[in-house]
Number of protein chains: 2
Amino acid sequence: MKLYNKYPKHFVAVDCVIFGYRNNELCLLLYPRGFEPAQGRWSLMGGFVEVDESADSAAKRVLQQTTGLKEIFLKQVGVFSEPARDPEARVISIAYYALIRIEDQNELLIRKHGAHWWPITALPRMIFDHDQITEQALVELQRKSRYSIVGKELLPEKFTLLQLRKLYEAIFQKEFDPGNFRKKILSLDTLERLSFKDYSESKKGAFYYRCKEESDEYKER
Amino acid sequence: MKLYNKYPKHFVAVDCVIFGYRNNELCLLLYPRGFEPAQGRWSLMGGFVEVDESADSAAKRVLQQTTGLKEIFLKQVGVFSEPARDPEARVISIAYYALIRIEDQNELLIRKHGAHWWPITALPRMIFDHDQITEQALVELQRKSRYSIVGKELLPEKFTLLQLRKLYEAIFQKEFDPGNFRKKILSLDTLERLSFKDYSESKKGAFYYRCKEESDEYKER
DNA sequence: ACAAAAGTGTTGCGGCTACACCCATGA
DNA sequence: TCATGGGTGTAGCCGCAACACTTTTGT
């Protein structure tokens, strides 16, 4: 108990960059901060780490409290610890990013907190260093997208390759060649074609796909 | 001051995985822990984050106190925060890895702390979750090595391509084709050939190289 | 007929791997 | 002369980008 007593203790928080996809746009879920300082200004969803939980658990808890979702993709981005980053007190923040399907979230819960989905291309000013955190989270999302199909986390269970391509175009903010994109994605052999089509985007109809169930989901890394 | 008072505070530490290279082996600098709990057992070098410093600064400070070196490569690995990871108290650890030239370090300072260089292939048991931290740090080092020439940080200022290749073989624990390795490294255009040779490893002699001075060192990321 | 998405095929470039093959020289 | 590292060249494979082209069907 007393061995470490000469060292200081710190507030430790988690902040979550919550990505979603809607209207062909990559979006972020932001909240008007509910307490001082900076009350009412837009903020990433965050919370303090409790004594009996890991940072990962804290992030999971925060996410569940605010979106109603369990079992969502969550990954550490890094630590933001400049002593003056929060003007109220010294708070060390551990940043995460999360990927959620917008249609799965609990609409009421979101409203209760006054949360709002913002397109990544037109974000409002955020408090403290949250814009910097967001930027790094986007880099991490792009990295993940390069070696894994993020449609699994961000799109409905079944989706067309057009939807998937639009998602990637939103993530990387650039266009991809339709033919090449299709070939590359399918060559990964992680999607399976379903037997029915979507006719809303084209007259010919595009087959729906879904991600194969993979027991090695944890191996991918 | 009192706004956050209902939330708990935590000890926050930094732990440094210090890589060096010696005798054709990738090594780690470990210390016998100087205080309870687990006094005397091998440990990464660490320290607590003070109130007026960022985690990055804390890691830099710890490194300077123990190796005598400033201006060394240092990168965050991640946060380790399981509540029970330290049996004495709840300590949240921010892990870093560092790359140093063994011959540059302060030999006396190292000795004073009882530190010891261990080959990565034959590490002793470490305290707490330090072996897990080390494993992740190695993955990060391998990632960095893939897109940047780590000889700059781990080898003397001038080195031969044989030395560099042996270093990479130690980092990835596998052999590389000498011809292909040379071509790939040189194609990066970040090394410059010096006008003299090393004759200790071969009769023909191998040219020394050194890293070009690059003003864009910070762009590389 | 035309537009627009779906889907397939082709070509060329660049990087990587495997390996052959020179050179230099000490033992 | 043989072994060893230094250093260069080449042929095959693969992934990728650019782009042509065909299919389908609503307007």
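Computed from a predicted model, the values in this text were never measured in an experiment. Each chain gets a letter, A, B and so on, in the order the sequences are listed, and its residues count up from 1.
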Between [N] atom [atom2] and [X] atom [atom1], what is the distance in whole Å?
X: A/Phe207; N: D/dT24; atom1: CZ; atom2: C1'; result: 12 Å
X: B/Leu164; N: D/dG6; atom1: CG; atom2: P; result: 12 Å
X: B/Arg193; N: D/dT8; atom1: CZ; atom2: C1'; result: 13 Å
X: B/Phe181; N: D/dG7; atom1: CZ; atom2: P; result: 13 Å
X: A/Asp177; N: C/dA6; atom1: CG; atom2: P; result: 13 Å
X: B/Asn24; N: D/dG5; atom1: CG; atom2: C1'; result: 14 Å
X: A/Asn180; N: C/dT10; atom1: CG; atom2: P; result: 15 Å
X: A/Lys184; N: D/dC14; atom1: NZ; atom2: P; result: 17 Å

Item checked: Polar side-chain atom of A/Ser57 near backbone of A/Glu53 as donor-acceptor pair, under 3.5 Å ->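 Checked: no pair found.
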
Next item on the list: For B/Glu140 and B/Tyr97, indicate whether the former's side chain and the latter's backbone hold a donor-acceptor pair under 3.5 Å.
Entry: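 Absent.
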
Next item on the list: Hey, which sits more toward the 5' end of DNA chain D by its nearest nucleotide, A/Tyr199 or A/Gly179?
Entry: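 Its nucleotide being nearer the 5' end, the pick is A/Gly179.
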
Next item on the list: May I ask you to check if A/Arg165 and A/Phe176 form a cation-pi contact, with NZ or CZ under 6.0 angstrom from the six-membered ring centre and within 45° of the axis?
Entry: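 No.
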
Notebook entry, point to check: Is the charged tip of A/Lys158 near the ring of A/Phe207: under 6.0 Å from the six-membered ring centre and within 45° of its axis?
Noted result: no

Check: How is A/Lys183 classified with respect to the nucleic acid when contacts are heavy atoms under 4.0 Å: base, sugar-phosphate, or nothing?
Finding: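 It contacts base atoms.
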
Next item on the list: Tell me what B/Leu162 touches on the nucleic acid: a base, only sugar-phosphate, or nothing, going by heavy atoms under 4.0 Å.
Entry: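 B/Leu162: backbone/sugar contact only, no base atoms under 4.0 Å.
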
Next item on the list: Verify the contact: side-chain N or O of A/Lys204 to OP1 or OP2 of C/dG7, cut-off strictly under 4.0 Å; return yes or no.
Entry: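 For A/Lys204, the contact criterion (side-chain N or O under 4.0 Å from OP1 or OP2 of C/dG7) is not met.
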
Notebook entry, point to check: At under 4.0 Å, does any side-chain N or O of A/Arg182 touch on OP1 or OP2 of C/dA6?
Noted result: no

Note to self: Can you work out whether B/Lys203 or A/Ala206 has the more 5'-proximal nearest nucleotide on DNA chain C?
What the structure shows: A/Ala206

Next item on the list: Quick one: closest heavy-atom pair of B/Leu186 and B/Tyr209, and the distance?
Entry: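 In terms of heavy atoms, the two residues are closest at CD2-CE2, 3.7 Å.
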
